[in-house]
Amino acid sequence: MVVATAVFFHALCLGWTQAQAVRVGRVEWLEFNRLSDTWAARAPLILAGLVLSVLILAFRPFSFFENLTQLPSSWWLLVMGYLIGTWCFSEAQLSQQATGRFGLYAVSPLILDTLIASFLFSRIQLGGDAVISMTIGGMVGLTVLFSALLMTREMFITHAVGGKSSTKAVLQVASFGGPFALAALMGFASDWGDHFLLQYFHGAEQVGLFQAGYQTMAAAMALAAPVAVVFLPKLVDQSRHDPLAEADYVQRVIPVVATFWLLAIIPCIAVLPSLFSVVFGHKFQPAQPVLLALCISVPGAIFSYLYTVLFNIQGRSLRPAMIVAAMAMMNFTISFALIPDMGGLGAAAGTAISYFLMQLLYMADQHRYLSVPAYQICRIFLIGATFGAAQCYIGEELTSRLLLAVMFMAALILQTRRSGIADRDVVANLLPRRAGLIARAVGWMLSGKRVG
């Protein structure tokens, strides 16, 4: 509850100010080797967001904090601390992304997780009756300390202090980021609305079963997130000199990246129920149908991330916000209709269908906006969606799932080679230079030509 509340306030009061930081900051970094003006344009909005968060949490009007979270009143300090830590960490990662330092971007979360895990291990080793507030306070304190130091280091490296701003620049940040606040609010409602409905109609056990499947699905989807991190600054660079860079990205890059993703994620989804049983144990076996239903939308996760990059480049923040709002409303409507009778499975159906809708709308909007034919990418999307539905239908038996995965991977490779969408130059650029024979073999499978 501490984390959920902090994430909510971050999205509503602070996160939206970061929406265009990478796009604008990347240009400033390339031209002037600094990020000071990008920071200066956001500083008044950040300060306002922090002050608003402190006031709401400190005074807690209508006792909303205690009623919704069921936490003691004094724990608002823990929420505020985690909020500050979350904000500092995200600011540091924005700087790393804008300057193209992806190695540090990837390592930073691992360092923080290691520190927290080490702290928890030490608490266990000490034994005795651990006070939960002290344990959570230690985790929050580590998050704040590490994140603040990391952000301070980034501000020094990127020369983030002393920039010039104007009312116009501040208003541009607000106008672009405002819709993201709406999208964050609707996304939060979509993510957590199912939990509240399950709690109301069926109780805590169904919430726990659904949460286990949902977190597994979210972790699988998050594997696609790095593509947005990497491609956003690259596409900013290309768009500055090539007006056709966005259309080329949609027509040549997205099909190849999506194919790579499906070839990697299909076998992972095939073995996921078996891994789920090992990790969560026998008590969570009733959550298997929920997991299978949620996995329907996992193959299409790559499309959300790949097309999100374009909305940022184009400065069109309202359209994705509207799509997320439509997704949230569909999720709530389906879940509200199905949860009373179907429980967690009804919530999973609402979640999967709503994610599927978002993926389709992202794809359709960009192809219409850029006037790029969509039939090639639709074939790839259809293969992934069909596999998602088929794996849910056949159930959790491992052998059948592996055979299904092999069939769909073969169909994907055959379709890619026949269509010729796997451009040899694009494949060569995407594959790691040191990947050796495996990378060249994958490139040959997709393009039918020698790669690298």
Side-chain angles (χ1 to χ4, degrees), residues 2-4 6-11 13-26 28-30 33-36 38-39 42-43 46 49-50 78-122 135-161 177 180 184 215 218-237 301 305 308-309 312 432 434:
V2 169
V3 173
V7 169
F8 173 78
F9 274 91
H10 178 266
C13 299
L14 295 169
W16 61 271
T17 68
Q18 302 170 338
Q20 66 171 8
V22 174
R23 176 169 61 90
V24 176
R26 180 64 178 173
E28 183 183 2
W29 178 257
L30 292 174
N33 198 39
R34 67 170 190 250
L35 295 179
S36 56
T38 303
W39 261 99
R42 297 169 53 232
I46 291 172
L50 286 172
L78 293 176
V79 173
M80 193 66 216
Y82 196 83
L83 169 62
I84 293 174
T86 301
W87 171 70
C88 289
F89 192 83
S90 62
E91 291 289 350
Q93 291 225 295
L94 285 172
S95 295
Q96 293 160 3
Q97 189 180 359
T99 55
R101 290 174 293 127
F102 299 116
L104 186 58
Y105 183 100
V107 171
S108 298
L110 297 178
I111 297 175
L112 178 57
D113 290 342
T114 302
L115 289 173
I116 293 175
S118 300
F119 168 74
L120 292 175
F121 181 76
S122 67
T135 302
I136 296 177
M139 297 169 63
V140 171
L142 280 173
T143 301
V144 173
L145 179 61
F146 177 81
S147 302
L149 290 174
L150 185 65
M151 188 183 79
T152 301
R153 179 180 182 275
E154 288 298 322
M155 293 185 71
F156 178 79
I157 292 174
T158 59
H159 311 288
V161 179
F180 280 93
Q215 290 300 326
M221 283 186 164
L223 295 174
V227 300
V229 174
V230 173
F231 278 112
L232 178 55
K234 286 187 176 182
L235 199 54
V236 170
D237 298 351
Y305 288 107
T308 296
V309 172
N312 202 318
R434 298 181 182 179

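Values reported hereafter were calculated over all heavy atoms of this structure, with side chains retained and with hydrogens, waters and symmetry mates removed.
Residues A21 and L94 share a closest heavy-atom pair of CB-CD1, 4.1 Å. Closest non-hydrogen pair, V309 versus L232, comes out as CG1-CA, 3.7 Å. Contact record, A222 with Y305: CA-OH, 4.2 Å, taken as the closest heavy-atom pair. The minimum heavy-atom distance linking S95 with T99 is given by the pair O-OG1, 2.7 Å. When all heavy atoms of G25 and A98 are compared, the pair lying nearest together is C-CB, 4.3 Å. The minimum heavy-atom distance linking L104 with R153 is given by the pair CD2-NH1, 3.4 Å.
Separation of atoms CZ (F119) and OG1 (T143) is listed at 10.0 Å; rounding is to 0.5 Å. Atom CG of L78 is separated from atom CD1 of I136 by 7.0 Å, given to the nearest 0.5 angstrom. If you take CG on L150 and SG on C88, they are separated by 9.0 Å, rounding to the nearest 0.5 Å. Expressed to the nearest 0.5 Å, how far OH of Y82 lies from CZ of F9 amounts to 15.5 Å.
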request  = Tell me, with the steps shown, if L115 and F146 meet side-chain contact (heavy atoms from CB on, under 4.5 Å).
outcome  = CA-CA 9 Å; L115 289 173; F146 177 81; 3.8 Å; yes

task = Walk me through it: do L120 and M139 pass the test side-chain contact (heavy atoms from CB on, under 4.5 Å)?
result = CA-CA 8 Å; L120 292 175; M139 297 169 63; 3.7 Å; yes

Candidate pair V161 and W39, rule side-chain contact (heavy atoms from CB on, under 4.5 Å), full reasoning = CA-CA 8 Å; V161 179; W39 261 99; over 6 Å; no

inquiry  = Set out, in order, the CA-CA distance, both residues' side-chain angles and the distance that settles side-chain contact (heavy atoms from CB on, under 4.5 Å) for L112 and I116, then state yes or no.
reply    = CA-CA 6 Å; L112 178 57; I116 293 175; 4.2 Å; yes

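Counting only heavy atoms from C-beta outward, the side chains of V7 and L83 never approach each other to under 4.5 Å. The shortest side-chain heavy-atom distance between L14 and L50 falls under the 4.5 Å cut-off. Side-chain contact between I46 and W87: present, with at least one pair of heavy atoms (C-beta onward) separated by less than 4.5 Å. A heavy-atom distance below 4.5 Å is not found between the side chains of H159 and S36.
Checked by atom type and distance alone, the side chain of R26 never pairs as donor or acceptor with a backbone atom of V236 at under 3.5 Å. In this structure a side-chain-to-backbone donor-acceptor pair under 3.5 Å is present from E28 to T38.
Looking at S90 and Q18, their side chains do bring a donor and an acceptor atom within 3.5 Å of each other.
For the side-chain hydrogen bond (donor to acceptor under 3.5 Å, both in side chains) criterion with R101, the lone passing option out of E154, Q93, Q96 is E154.
Looking at E91 and R42, a side-chain N of the basic residue comes within less than 4.0 Å of a carboxylate O on the acidic one, giving a salt bridge.
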